[in-house]
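Numbers restart at 1 for each chain; the letters A, B, ... are given by sequence-line order, proteins then strands. Values below: all heavy atoms of this structure, side chains included; hydrogens, waters and symmetry mates excluded. Because the structure is a prediction, the values reported are computed rather than measured.
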There are 2 protein chains.
Amino acid sequence: PDGFVALVGGGPGDPGLLTTRGRRLLAEADVVVVDRLAPHALLAELDADVEVIDVGKMPDHHPIPQHEINAILVDRARQGKIVVRLKGGDPYVFGRGGEELIACRDAGIPVEVVPGVTSAIAVAAAAGIPVTHRGVSRGFTVVTGHEDIGQVPHTGAHTLVMLMGVKRLGQTCDELIAGGHTPTTPAAIIERGCTPTQRVTVATLATLAEVATAVGAESPAITVIGDVVTLSPAWG
Amino acid sequence: PDGFVALVGGGPGDPGLLTTRGRRLLAEADVVVVDRLAPHALLAELDADVEVIDVGKMPDHHPIPQHEINAILVDRARQGKIVVRLKGGDPYVFGRGGEELIACRDAGIPVEVVPGVTSAIAVAAAAGIPVTHRGVSRGFTVVTGHEDIGQVPHTGAHTLVMLMGVKRLGQTCDELIAGGHTPTTPAAIIERGCTPTQRVTVATLATLAEVATAVGAESPAITVIGDVVTLSPAWG
C-alpha cells in the first residue's frame with residue numbers, strides 16, 4: 001500500500017485561507033487528523049467514508065498526547081491510506097509539525113509538509129495591525145513561552161506577538177516593562193481572531209492586563225505589543 | 001462603478017501555496033499588479049483581456065516607486081475594476097501592504113487584505129528547518145534591517161530569520177557574535193527558496209559568510225540562525 005502523510009497548515013480558521021495544495025490533499029484524504037484550531041468548516045465537505053479523528057487540544061489540557069497522534073499518523077499510513085494532518089496556522093509555528101515529520105520518517109512513511117498562513121500574523125492583520133510597516137516597525141518576534149520575554153527587542157519599533165494564555169498577561173507585561181519596554185507602548189489583545197466573533201481590545205503595555213480583565217478576555221487570544229497597534233482601526 | 005482592491009499574499013512562489021481566497025480573487029480580477037517574488041506561474045492562467053502590470057522590484061533597484069504603485073491601484077479601482085495586488089509572501093510581512101491599504105482607504109476605495117503564507121517561514125520549512133521545535137526553539141524573530149541585529153535574542157534556542165542581501169552577511173554575523181550569539185550556533189543560507197533551483201548551504205554563525213562567499217551565494221536568499229538548523233537534512 002502506498003500510504004503517506006501530509007502535514008497541512010490550515011491557516012487561522014477561515015476556510016478561504018487554506019492553500020490550494022492543502023485543499024487538494026484534503027479532497028484526496030482517506031483520513032483527516034484535525035486540531036482544535038484548524039478550519040473545521042472544511043470537514044463538512046468531506047465524503048462520509050473519510051475517517052475524521054479530532055485530536056483537538058483544549059487550553060491547559062491535552063486529550064491526546066503527541067506520541068499517540070504520531071502513532072495514529074503512522075498506523076493509518078501503513079494501512080495504505082492518504083492521511084492529512086490538518087493543523088491550525090502553520091505546521092512549523094508552534095504546531096509540533098517537526099515532531100510529526102520525524103515520527104513519520106523514522107517509521108519509513110513518506111511525508112509532505114504544506115506550509116500554512118501563520119495565525120499569529122493573520123490574526124494581527126485581521127485586527128488591522130500589520131506586523132511590519134515602513135517607518136513604524138522593521139521586524140517582529142513571535143513567542144509562546146515566558147522564558148523568552150526577558151530577551152526580546154524592547155522597543156515599540158519591533159513588533160512582539162505573544163501566543164499564550166491571558167492568565168499570566170499581567171506578569172508578562174510587567175516583565176516587558178522591567179526589560180526596557182516603554183509602559184506607554186501600544187498593545188492589543190485579539191480574542192477568537194479571524195472568526196465572526198473576533199474581539200480586539202487595545203490599551204498600553206502598562207494597562208493591557210487590567211483592561212483585558214475588565215472586558216473578560218479569554219483564550220484563544222494573541223497579544224500584540226508595538227507601535228504598529230496604532231494602525232488598527234480599533235486604536236481610534 | 002464598484003471597483004475595489006484586494007491586497008493578496010501570494011506566498012513563497014509555489015502556485016499551490018496561494019490561498020483559495022486569493023485564487024478566487026485572481027480568477028475575478030480585471031487588473032493584476034504583480035511583484036517580482038509573487039507566484040508568476042499563476043499569471044499564465046489569466047484571461048487575455050486581464051491587464052497585468054509588473055511592478056517587480058529588482059534587488060537594490062526600485063523600477064516603480066511605491067507612491068506610483070498606490071496611484072495605479074487607486075486609478076484602476078476608480079475605473080470600476082477589480083484590482084488584485086499580488087504580492088510575494090504575506091502583505092504585512094515586509095510587503096508594504098499597510099501603505100497600500102492606507103492609500104486606498106484615503107482615496108475612498110474598498111480594500112480587502114488576504115493574508116498569505118509568509119516566505120520567511122515557508123522557505124525555512126522547504127529547507128527542512130522548523131522555525132519552532134519542541135525542546136529546540138520556543139520562538140522566532142524575523143528582521144529585514146541591520147538596525148535590529150543588536151537587540152534580537154542572542155541564543156540558539158530562539159530562531160532568527162534574516163531577509164536581507166548577502167553582501168553584508170559577514171558584518172551581520174559579526175554583530176550577532178558581538179551581541180552574545182555563540183559563534184558555533186548553526187546557520188543556513190537558503191537561495192531561491194521554494195523554487196526548483198533552491199540551494200541550502202549550512203555552516204556556523206562564525207563561518208557562514210565565508211562559506212556563502214565560497215559557494216557564490218546570491219539574492220534572493222534568507223538566512224536562518226539557530227539550533228533548529230540542525231534539523232535540516234542539509235545539516236547531515
Inset, instruction - Using a 4.5 Å cut-off on heavy atoms from C-beta on, say whether the side chain of A:Leu18 contacts that of B:Arg21. - result: no
Legend entry - Side chain / backbone / both / neither for B:Pro15 at chain A, heavy atoms under 4.5 Å: backbone
Inset, instruction - Answer whether the closest heavy-atom distance between the side chains of B:Pro130 and A:Pro91 falls below 4.5 Å. - result: no
Inset, instruction - Would you check if A:Val131 and B:Val93 make a side-chain contact, meaning some heavy-atom pair closer than 4.5 Å? - result: yes
Legend entry - Whether A:Thr132 side chain and B:Tyr92 backbone form a donor-acceptor pair below 3.5 Å: yes
Inset, instruction - Answer with side chain, backbone, both or neither: which region of B:Ile121 has an atom nearer than 4.5 Å to a non-hydrogen atom of chain A? - result: side chain
Legend entry - Close side-chain approach of B:Ile102 to A:Leu231, heavy-atom, < 4.5 Å: yes
Inset, instruction - Please work out whether the ring planes of A:Phe94 and B:Phe140 are parallel, tilted or perpendicular, with thresholds of 30° and 60°. - result: tilted
Inset, instruction - Sort out for me which of A:Gly150, A:Ala122, A:Gly139, A:Gly16 touches chain B most, counting heavy-atom pairs under 4.5 Å. - result: A:Gly16
Legend entry - Minimum side-chain heavy-atom gap B:Val117-A:Thr19 below 4.5 Å: yes
Inset, instruction - Heavy-atom distances under 4.5 Å only: say whether B:Arg23 touches chain A with side chain, backbone, both or neither. - result: side chain
Legend entry - Heavy-atom check, side chain of B:His154 versus side chain of A:Gln151, under 4.5 Å: no
Inset, instruction - Would you please test A:Glu99 and B:His133 for side chain to side chain contact (heavy atoms under 4.5 Å, CB included) and show each step? - result: CA-CA 7 Å; A:Glu99 293 168 72; B:His133 191 83; 4.0 Å; yes
Inset, instruction - May I ask you to check whether over 12 heavy atoms, not counting those of A:Arg192, lie within 6.0 Å of atom CZ? - result: yes
Inset, instruction - May I ask you to test the B:Thr20-A:Leu17 pair for a side-chain heavy-atom distance under 4.5 Å? - result: no
Legend entry - Shortest non-hydrogen contact from A:His158 toward B:Val142: CE1-O, 4.4 Å
